[in-house]
Amino acid sequence: MTKSRIDARFAALKAEGRAAFVSYVMAGDPDADTALAILKGLPAAGADLIEVGFPFSDPMAEGPPIQRAAQRALAKGMTLHGTLDLIRAFRGGDQATPIILMGYMNPLVSWGFEAFAKAAADAGVDGMIVVDCPPEEADPLADALEANGMALIFLTTPTTDDKRLPTVIRRASGFVYYVSVAGVTGVKEADAQAVAPNVERIRKASGLPVAVGFGIKTPERASAIAQVADGVVVGSALVDEVAEAVDLNEDVTTRVLSKVESLAKAVRVSRRGLTAV
Amino acid sequence: MNAPTRPNDYSAYPDAKGRFGDFGGQYVPETLMPLVHDLTAAYEAAKADPAFQAELGGYLTHYVGRPSPLYFAERLTAHYGGAKIYLKREELNHTGSHKINNCMGQILLAMRMGKTRIIAETGAGQHGVATATVCARFGLPCVVYMGAVDVERQKPNVFRMNLLGAEVRPVTSGSATLKDAMNEALRDWVTNVHDTYYLIGTAAGMHPYPEMVRDFQAVIGREVREQIVEAEGRLPDAVIACVGGGSNAIGIFHPFLNDEGVKLYGVEAAGEGMDTDRHAAAINGGRPGVLHGNMTYLLQDREGQITEAHSISAGLDYPGIGPEHSWLHDVGRATYLTATDAESLEAFMLLSKLEGILPAIESAHALARVGDVAREVGKGGVVVLNLSGRGDKDVNTVATHLGRQI
């Protein structure tokens, strides 16, 4: 396997001296075709990496925006198989942008880790974030992903103290995700001041880039976080745009991509601090 | 999954990783992992502390009203014409079901851990009422998450919780029933990690809950062992209980697991029938997966999305089952039967008329199969049924199904 797309992208951005803008989109929200159109438009709108949510009926760590996005997607018949179809379609036109799938364990358990990992790698997936798969339970999945050249990206949180951190990053690859608030997605607001020392601590311990997510909704916040982190993840604020566009009968793709542009621009102009990896 | 092996000593489970064979575990978001590790350590310490056990024992005696009687159901026995049927009268506990046994244990643990706020999920409202009760007793604020659909069909219990000082938060996400209430309670816990204790009502969820809830409910089985030896001079031939999450069943089963001569029967809710998709039988109608922190049998579609359970009994209306039951099923130590809504209603009325006891519609599922088990064991045998709750809360449901207005 050549250097992974995730590693290559973070290395390139490090050379540019800026943080990555990581954009989240829920597969199948509001429908498969629109989600694919959004996906295809994301790199040009400024997304450096893309997280694609695969919907689950019981997303226990999500706030209302992503819960509703998952329900919209499930109502339209989106599945994990369907999610991989979207990635495959996206890869037809883009071989460079890293794609990370984000979701919950049960659809993976249901498919079977080995068979899923093969199919996902084949579709062009680069890594996985599995919210209800802590490091203690991760080995079988991590083995399957590793064997197929994919990264398992672990979440660290404000409750991950120094004693626990080595356990969490033991099998980390790609990057480490720092959940900036104790809570569900898209409710509390991230505070750059509080985030900075944690990013530093995790970066030092893992030797990997650290992306920060949960609670980043505005260009201002994204810019502040971009100064202290290697990546800025925005999810709920984007799925909210989907919901609003649907409600107002506006063009969903245009609305989401315009929000992505404003966030990506804020991240791009924000020079990262001098704390290089 | 590997072929399961039958253990020499069931009491050695779960293992250090919270596993019963392939089942159980701790599938929770990272934010909660340090908390569940703390909880595990705190529970292990409390379990081994005689002072904690003595304090719990005192409340079980004087507040809950334990031991509950083991009652020989003479007319029910005669009706079926098989083995003698005894009822373990958990419905006589304070608050009317076995739920209080667990709540009392966990609230003492929460206070020992210095937690100052209690959250819980509830389906029928029995666990919510029991949690609100112990919170009132010890002066702790209590928030109960309850699916909006259940709030509507269990109004008297919502009012009871309010009378006890608890705040009931209706949950409208997902299917607005018990599983969604549990999701919402987990979201609260993730958000309020420092002061909040999550008091789970059944022997499911992430380790250590399945072990801890089982241990607090095992007082049922321990009492039965003593009481049946006193009454019959021997252990029973079979023990039977209804299973949703499975806390009353594991509570009565557990002290008998190493007695291979005692047959164990769990009864799942078959709803409108196992040939329909409207049931709540995770073992008989599901397959293994991960939900709410544990690997266990679940109702799910072919893509791994959790499907809605259906049962006349809100207390059994859950798409999963405790992981120890999944394991006991796989190793063949316990047998899981089913009973439909209609069979359970019939059993509800039968017990009311023959013994003067209105059973909870949950417990009526076990009653619906006890005749089969009693006849299989045969005359001269002994069967114990866990009468886990009383049926006063169900009279509206029963009336509706009988086409009566009350």
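Lettering of chains follows the sequences in order, A, B, ..., and the numbering in each one begins at 1. Quick caveat, the model's predicted, so the values are computed rather than measured.
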Proximal component of [X], with respect to chain B [non-hydrogen, under 4.5 Å]:
| X | result |
| --- | --- |
| A:E136 | both |
| A:P59 | both |
| A:T167 | neither |
| A:K188 | side chain |
| A:L108 | neither |
| A:V168 | side chain |

Would you mind checking which part of [X] comes under 4.5 Å of any heavy atom in chain A, side chain (CB onward), backbone (N, CA, C, O), both or neither?
| X | result |
| --- | --- |
| B:R302 | backbone |
| B:I306 | both |
| B:H194 | neither |

How far apart are the C-alpha atoms of A:D58 and B:D180, what are their side-chain angles, what is the distance that settles it, and do they pass the side-chain contact (heavy atoms from CB on, under 4.5 Å) test? CA-CA 7 Å; A:D58 294 80; B:D180 308 286; 4.2 Å; yes

Please identify, among B:E30, B:H292, B:H37, the residue contributing the most non-hydrogen atom pairs under 4.5 Å to chain A. B:E30

Check whether any side-chain heavy atom of [X] sits under 4.5 Å from a side-chain heavy atom of [Y], and report yes or no.
| X | Y | answer |
| --- | --- | --- |
| A:D132 | B:V290 | yes |
| A:S110 | B:R287 | yes |
| B:L291 | A:F56 | yes |

Gap separating the OG1 atom of A:T157 from the CG atom of B:L32, nearest 0.5 angstrom: 8.5 Å

According to salt bridge (charged side-chain N to carboxylate O under 4.0 Å, His left out), who are the partners of A:E114, at least two apart in sequence or on a separate chain? none

Counting N and O atoms only, with roles assigned by atom type, does the side chain of B:T31 sit under 3.5 Å from a partner on the main chain of A:A182, one being a donor and the other an acceptor? no

Report, in residue-number order, which members of residues 182-190 of chain B are under 4.5 Å from chain A by heavy-atom distance. B:N183, B:E184, B:L186, B:R187, B:V190

Sort by residue number and list every member of residues 196-215 of chain B having a non-hydrogen atom under 4.5 Å from chain A. none

Could you pull out every donor-acceptor pair under 3.5 Å between side chains of residues 81-89 of chain A and any protein atom, sequence neighbours left out?
| unit_1 | atom_1 | unit_2 | atom_2 | d |
| --- | --- | --- | --- | --- |
| A:H81 | ND1 | B:E303 | OE1 | 3.3 |
| A:H81 | ND1 | B:E303 | OE2 | 2.6 |
| A:T83 | OG1 | A:T79 | O | 2.7 |
| A:D85 | OD1 | A:R88 | NH1 | 3.0 |

What pair of heavy atoms forms the shortest contact from A:M60 to B:Y27, and how long is it? CE-O, 3.4 Å

